[in-house]
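This report refers to the structure that appears directly beneath it.
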Protein chains: 2
Amino acid sequence: MTTLRDLSQRLGLSVTQVSRALNNHADVSAETRERVQAVARKLGYQPNLSARRLATGRSGMLGLVLPDIPQEPEDGMFVQIVGGLSQRLARLGRQFVLHIADPQDDIVEVYRRLIGGGAIDGFVLLEPEIRDRRVAFLRQAGVPFVIHGRVEDPEDYPYYDIDNRSVAQQLTGHLVAAGHRRIAFLNGPKTRTYAVSRRQGYRMALAEAGIEEERDLHRFGPMSEAQGLLAGVSLFGEGGPRPTAVVCGNTRLAKGLLQALQAIGLSVPAGVSVVVHDDQLPGLKSEAMDPPLTATCSPLAESWPHLARILVAAVDGAQLSALQLLGHVEFNERGSVSVCRDVPAVLVR
Amino acid sequence: MTTLRDLSQRLGLSVTQVSRALNNHADVSAETRERVQAVARKLGYQPNLSARRLATGRSGMLGLVLPDIPQEPEDGMFVQIVGGLSQRLARLGRQFVLHIADPQDDIVEVYRRLIGGGAIDGFVLLEPEIRDRRVAFLRQAGVPFVIHGRVEDPEDYPYYDIDNRSVAQQLTGHLVAAGHRRIAFLNGPKTRTYAVSRRQGYRMALAEAGIEEERDLHRFGPMSEAQGLLAGVSLFGEGGPRPTAVVCGNTRLAKGLLQALQAIGLSVPAGVSVVVHDDQLPGLKSEAMDPPLTATCSPLAESWPHLARILVAAVDGAQLSALQLLGHVEFNERGSVSVCRDVPAVLVR
DNA sequence: GACGTCATCCGAAACGCTTTGGACGATAAC
DNA sequence: GTTATCGTCCAAAGCGTTTCGGATGACGTC
């Protein structure tokens, strides 16, 4: 292994100057810099990361901790995440450490161990929850991180997110504009911050139109095909509240819902109007469904480059304003919504 | 962060003794060891991995390098691999580093960079090829690794594998015993060592029965459903060689083949006999197929714990004999094979 | 009493890097 | 001619750990 000392001896320079030359410091002449870098390249010099870390306190390793091995059907997305992050971070000269925790371990302890060893500079946090313990711990410990999503105020941390409130408001509003007043919402798990934001958007859209929210039409749960199917049956099956339209939190839920509707004998959009938020999950595109669904669209895959970039910047101590980003959301109308001719439920009762 | 020096001051001992006490060295009294470990626990001492690495030359990090982001349908398996390895290594007190290379980078350069930085102690190598460049490089560089599979002789390196030659021989032999003489083999990619081993097994079984190999019945290619389908059509469609039985390299190939056979109107086992090697890929079990397939079975998921254990032992400098393992293979007869009544092709011609 | 043995401890060096504080000429400013 | 400034360089300290080569004292042996 070539070390700085090897280079310095070969060049007749001090170790100091060689180090500075390689790291593009100011006080080294252009000529020396060239010479040093040429020799370094020739000898295939690679800085020893451990030594660097010991001197600087930084290891160049960024981590992702998962609480358990992902199972179907989320595992495909997991590949995208891990692959995207790893590749992006590699391009930024960092290394990616994946840690899959023991499910029975306390997650905060896992983080404590990882930063305690000094092996990891910062973390990507997925699926933030309200009052997220990881966020609280890392913030207090002064360890850099970036959240995929956001937590409750104050928003004084790096994140990449989409405007979930606006997404829900837009989708719900679109149905309201078509005359619907009894609109179901298949939301995500109650403890997830994005589900909370979306609830706000849903409510705002209803409130704007003077519609009173029906508790039974708002369902929280995992964003899975199974959940979509179950919710669909429960909403539209016998004894169900039978709304006239449904907002789906993602395309997996939508797929399940469409199956339920088909089984029940309801067609879209004639019988029920359906809109969805589309993360562009692999193999589950809203435009390829039957019928193609009107959707807000924001590819999940766009997140990873941003998360990588933001995390690296955060570790390097960039300004907070440079570390917060809201992704772009498109709205695509595709004819899965029909004008509602039903007499408002309130009058029926 | 608590350091050895903190502990030593607090205990009135030298840093040396504290270090030795924590690492269970010989020349430290039982009483001191207890005391040291108690205080270390209390202060939540975590050894600084970078410092340790600098002193020992080991970082405690083990790596897996993938040439690109896995795509469907292999991505599910990838999750199992990465998840399994990461979790197992964590339990052994090591960290797992996943590196997804840029597809355009030379793979050996990627390894060179990773070990050059001194960040990684050893590697897990997946999908070995004949004359594998990674193996050549790592062996020459003296970097520990474990192969999932094997390469050509000499076998002086750590591996976990199954006896692929025997698997192919067993499956082919089973068909031979049922009277089949024109047996197709859907094998893996030609450059993979396991495909080479399986070819040997296939040939041995044929040779034993005095059957001459027909070139056109032995197909190499990706072990995908699509490939199984295409091969099925090409073998049994119009103008195809129409063997009486097929050995499938894995259940994905088998699934595709069964689709092709159904489309063509051939039934299993009445029309064609089919056997398969089953890696227990998620959602693709040989016993759940239609019909359930006679199979050799060796769960891929069993590999990860072994690979993790072996790699750690290799880094720790264990004897070679402790580092080589052949996994268990079961044979399950399920009735997808019928006795062959066809007149041997040679007599027809 | 001299010697060897043993258990237990310690100081100091080493790993490869960054960074601090200053040295040394050359040039510009007064 | 003195002083300040600037560009370029270097020695040395320090990061936290392991490890080598002793040091020390207690004890038993002859």
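Below, read A as the first sequence line, B as the second, and so on, with proteins coming before strands; counting in each chain starts at 1.
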(request) Choose from C:dC9, C:dC17, D:dT17 the nucleotide whose nearest atom is closest to any side-chain atom of A:Asn48. (result) C:dC17
(message) How many whole angstroms separate atom CG of A:Leu7 from atom C1' of C:dC17?
(response) 12 Å
(request) With the side chain of A:Ala51 defined as its heavy atoms from C-beta on, choose the nearest nucleotide among C:dT18, D:dG16, C:dG16. (result) C:dG16
(request) Would you tell me whether A:Thr32 and A:Ser29 have side-chain atoms, one donor and one acceptor, within less than 3.5 Å of each other? (result) yes
(request) Side-chain contact test, heavy atoms from C-beta onward, threshold under 4.5 Å: evaluate it for B:Met77 versus B:Asp279 and give yes or no. (result) no
(message) Return whichever of B:Leu13 or B:Arg53 has its heavy-atom-nearest nucleotide of DNA chain C closer to the 5' end.
(response) B:Leu13
(message) Other residues, nucleotides and ligands only: do more than 12 of their heavy atoms fall within 6.0 Å of CD on A:Glu31?
(response) no
(message) Measure CD/A:Gln46 against C1'/C:dG16 and give the value in whole Å, please.
(response) 14 Å
(message) Regarding B:Arg58 and B:Asp121, does a basic nitrogen lie under 4.0 Å from an acidic carboxylate oxygen?
(response) no
(request) Could you tell me the separation between the CG atom of B:Leu4 and the P atom of C:dG11, rounded to a whole number of Å? (result) 14 Å
(request) Let me know the distance between CG of A:Leu11 and C1' of D:dT8, rounded to the nearest Å. (result) 15 Å
(message) Would you compute the distance between atom CD of A:Glu152 and atom CD1 of A:Ile130 and round it to the nearest 0.5 angstrom?
(response) 6.5 Å
(request) Specify the residues of residues 14-24 of chain B, ordered by number, for which at least one heavy atom lies under 4.0 angstrom from an atom of DNA chain C. (result) B:Ser14, B:Thr16, B:Gln17
(request) Rounded off to whole Å, could you give me the CG-to-C1' distance for the B:Asp27 and C:dT5 pair? (result) 15 Å
(request) Identify whether any heavy atom of B:Leu49 sits under 4.0 Å from a base atom; if not, whether one sits that close to sugar-phosphate; answer base, sugar-phosphate or nothing. (result) nothing
(request) Check the distance between D:dA11's P and A:Gln9's CD and give it to me in whole angstrom. (result) 12 Å
(message) Any non-hydrogen side-chain atom of A:Leu89 less than 4.5 Å from a side-chain atom of A:Val312?
(response) yes
(request) Ignoring backbone atoms, test whether A:Ser29 places a side-chain nitrogen or oxygen under 4.0 Å from the OP1 or OP2 oxygen of D:dC9. (result) yes
(message) Check B:Arg94 with B:Asp316, please: is the shortest side-chain N to carboxylate O separation under 4.0 Å?
(response) yes
(request) Can you label the angle between the B:Trp304 ring and the B:His148 ring as parallel, tilted or perpendicular, going by 30° and 60°? (result) tilted
(message) What's the separation between atom CD in B:Gln17 and atom OG in B:Ser8, rounded to the nearest 0.5 Å?
(response) 11.0 Å
(message) Please give me every residue in residues 32-41 of chain B whose heavy atoms get under 4.0 Å of an atom in DNA chain C, ordered by residue number.
(response) B:Thr32
(message) Nearest whole Å is fine: how far is C:dT19 P from A:Leu54 CG?
(response) 13 Å
(message) Taking the nucleotide of DNA chain C with the nearest heavy atom to each, does A:Arg5 or B:Ala26 sit closer to the 5' end?
(response) B:Ala26
